[in-house]
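Written out below as structure tokens is the structure these notes cover.
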2 protein chains.
Amino acid sequence: MALSDAILVCLTERPMSGYDLAKYFDTSIGFFWHATHPQIYRELKKLGQRGYVVSDEEIQSGKPNRIVYCLTDAGRQALLEWSRKPVAPALIKDDLLVRLQAIEHIDKRALRQQITARLAAHREQLAQYHHIRDVRFSHGEPEPSDLGKLMGLELGMEYENGWINWCKNALARLEPDGD
Amino acid sequence: MALSDAILVCLTERPMSGYDLAKYFDTSIGFFWHATHPQIYRELKKLGQRGYVVSDEEIQSGKPNRIVYCLTDAGRQALLEWSRKPVAPALIKDDLLVRLQAIEHIDKRALRQQITARLAAHREQLAQYHHIRDVRFSHGEPEPSDLGKLMGLELGMEYENGWINWCKNALARLEPDGD
DNA sequence: TAAGTATATGTGTATTGACACATATAGGCA
DNA sequence: TGCCTATATGTGTCAATACACATATACTTA
């Protein structure tokens, strides 16, 4: 899998151009999957060849024309079939944890600084999730189409909270030493 | 980065052959970084060319000879320099969360099954972390060289607990609907 | 006027990673 | 005897990913 599927998921929201998708990947879905624009443009072509999307060129004066992609019935079917396949849990795959395994062979001062920076980064990310939840989901029950997005946010919060707790404990453990 | 650095980290533990490393990547460090054996063998050659490891062939009768790799001073230096570079937080990158974004276009029954399976998988992983902690780190203060490994385990527990909480809430949210 | 930023689409290439295939031997089991 | 598993090292190849480069225009700011 998976970039192709992630794109199909995005296009259930609304028809989008490659540029739109690239921006979308930098925000909402980008919390759970990443892609650069060359990747997206190439993948869109493949999806078109498979008949999962159709493109429509929007003529624009001055700026380059937008090529807007739209899901086909075959694309929706592919998405449905993909959603039935089992998913393996993603592994953590984090540099910082790898470094920790060789704690006696690395620069401990740098390590403390990195954990401090991480703590700040995770707090900021958590604040961003809270902000999104407050502006989008604070008005009673979410609409059924938004439920998944809210659940995604909640996982993000769970994840960031876990890291924040860990960073605080880690710093407490590492502070005592002179270096 | 990073497979090369992960291998250097492993070799701080003890000299290892490619086969040893592949097994090591399936257990301890494998919680935070993954690698297949062809990848490891190729990377070891590159590390040798850079002078970060030296190899020593252990003659064995019958079985193929083991080529055991050992860190050099240059390798230790490279590890130290790597440990000073800032690390970006890893993103979550999880299929399940991507699917959730298109919740109205996927198979909801399959989704519930997948979350149920995930809950079980995360509980099992958590139990494994607890087991490792109990057998390796239950005897008072950990040795300095083991501190990082203990901290890694703790992050793993934080992570699995977050997922477990989320799965339980998610199932509660999804159950009510007939389908 | 020059520089930077946003819009919009691509190519070219290198690195990484996944996975099948290949080889060789010893030991256990049916 | 045949098959599977464990030990041990590789090659060959394709897909996925990252990143630099290329192009074209409009608008804003110094």
Side-chain angles (χ1 to χ4, degrees), chain A residues 1-8 10 15-27 29-30 32-50 53 55-69 82 85 87-88 90-95 98, chain B residues 1-8 10 15-27 29-30 32-50 53 55-69 82 85 87-88 90-95 98:
Chain A
M1 130 62 311
L3 177 56
S4 57
D5 303 298
I7 289 175
L8 295 180
C10 295
M16 286 193 232
S17 69
Y19 190 81
D20 293 335
L21 282 163
K23 277 194 299 180
Y24 203 67
F25 268 94
D26 280 340
T27 57
I29 203 173
F32 314 117
W33 207 270
H34 183 255
T36 58
H37 79 268
Q39 246 179 302
I40 291 167
Y41 285 114
R42 273 188 264 249
E43 202 63 43
L44 282 169
K45 276 187 187 161
K46 282 190 217 163
L47 286 170
Q49 281 160 16
R50 279 183 233 157
V53 298
S55 60
D56 185 43
E57 196 160 0
E58 258 180 38
I59 310 297
Q60 300 200 133
S61 62
K63 285 177 281 186
N65 293 342
R66 282 163 53 82
I67 300 170
V68 177
Y69 292 85
W82 167 67
K85 286 197 288 189
V87 273
L91 50 62
I92 303 179
K93 202 165 198 189
D94 195 301
D95 268 50
V98 174
Chain B
M1 114 91 271
L3 176 56
S4 58
D5 303 299
I7 289 176
L8 295 181
C10 295
M16 287 194 231
S17 70
Y19 190 82
D20 293 334
L21 282 163
K23 277 194 297 179
Y24 201 68
F25 269 95
D26 280 340
T27 57
I29 203 174
F32 314 116
W33 208 270
H34 183 256
T36 59
H37 80 268
Q39 244 179 305
I40 291 167
Y41 284 114
R42 272 188 265 246
E43 202 63 45
L44 281 169
K45 276 187 187 162
K46 281 190 218 164
L47 286 171
Q49 281 161 16
R50 278 183 234 158
V53 298
S55 60
D56 184 44
E57 196 160 359
E58 258 180 37
I59 310 297
Q60 301 201 132
S61 61
K63 285 177 281 187
N65 293 342
R66 284 162 53 81
I67 300 171
V68 178
Y69 292 84
W82 167 67
K85 287 196 287 188
V87 273
L91 49 61
I92 302 178
K93 201 165 197 188
D94 195 300
D95 268 50
V98 174

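Here is how names work: the chains are called A, B, and so on, in the same order as the sequence lines, proteins then strands, and each is numbered from 1. This structure is a prediction, so every number in the text was calculated from the model and none was measured.
The 5' end of DNA chain C is approached more closely, in terms of each residue's nearest nucleotide, by A:Ile67 than by the other of B:Ala35 and A:Ile67.
The nucleotide whose nearest atom lies closest to any side-chain atom of B:Leu3 is, among C:dG17, D:dT9, C:dG10, C:dG17. Looking at the side chain of B:His34, the nearest of the listed nucleotides C:dA18, D:dA18, C:dT16 is C:dA18. Taking every side-chain heavy atom of A:Tyr41 into account, C:dT9 is the closest of D:dT9, D:dG10, C:dT9.
Atom CZ of residue A:Phe32 and atom CD1 of residue B:Ile92 lie 5.5 Å apart, to the nearest 0.5 angstrom. The distance from atom CD1 of B:Ile40 to atom OH of B:Tyr69, rounded to the nearest 0.5 Å, is 11.5 Å. To the nearest 0.5 Å, atoms CG (A:Leu21) and CD (A:Glu43) are separated by 11.0 Å.
One interatomic measurement links the two molecules: CG of A:Asp20 to P of C:dG10, which rounds to 13 Å at whole-angstrom precision. Rounded to an integer number of Å, the gap from CD1 of A:Ile40 to C1' of D:dA16 is 14 Å. Nucleotide C:dT15 holds its C1' atom 12 Å from the CZ atom of B:Arg50, rounded to whole Å. Here the P atom of nucleotide D:dA8 and the CG atom of B:Leu44 are 15 Å apart, to the nearest Å. Whole-Å rounding puts the A:Asp5 CG to D:dA16 C1' distance at 13 Å. Here the P atom of nucleotide C:dT16 and the CD atom of B:Glu43 are 7 Å apart, to the nearest Å. Atom-to-atom, CZ of A:Phe25 to C1' of D:dA16 comes out at 14 Å; the value is rounded to the nearest Å. Atom CD in B:Glu58 sits roughly 9 Å away from atom P in D:dA8 (whole-Å rounding).
Residues A:Ser17 and A:Arg66 approach most closely at OG-NH1, 3.5 Å, considering heavy atoms.
Between C:dT7 and A:Tyr19, a contact under 4.0 Å exists linking OP1 or OP2 to a side-chain N or O. Applying the 4.0 Å criterion to OP1 and OP2 of C:dT16, one finds that A:Lys93 has every side-chain N and O outside that range. Using a 4.0 Å cut-off, some side-chain N or O of B:Lys45 falls inside it from OP1 or OP2 of D:dT11.
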**Message:** I'd like to compare against my own output: the B/S/- annotation of nucleotides 19-28 of chain D with a strict under-4.0 Å heavy-atom distance to protein.
**Reply:** BB---BSS--
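Partners of A:Gln39 by side chain to side chain donor-acceptor pair (under 3.5 Å), not counting sequence neighbours, listed by chain and number: A:Thr36. For A:Glu57, the salt bridge (Lys or Arg N to Asp or Glu O under 4.0 Å) criterion is met by no residue, not counting sequence neighbours.
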**Request:** Would you check, one step at a time, whether the test side chain to side chain contact (heavy atoms under 4.5 Å, CB included) holds for B:Ile67 with B:Leu44?
**Result:** CA-CA 10 Å; B:Ile67 300 171; B:Leu44 281 169; over 6 Å; no
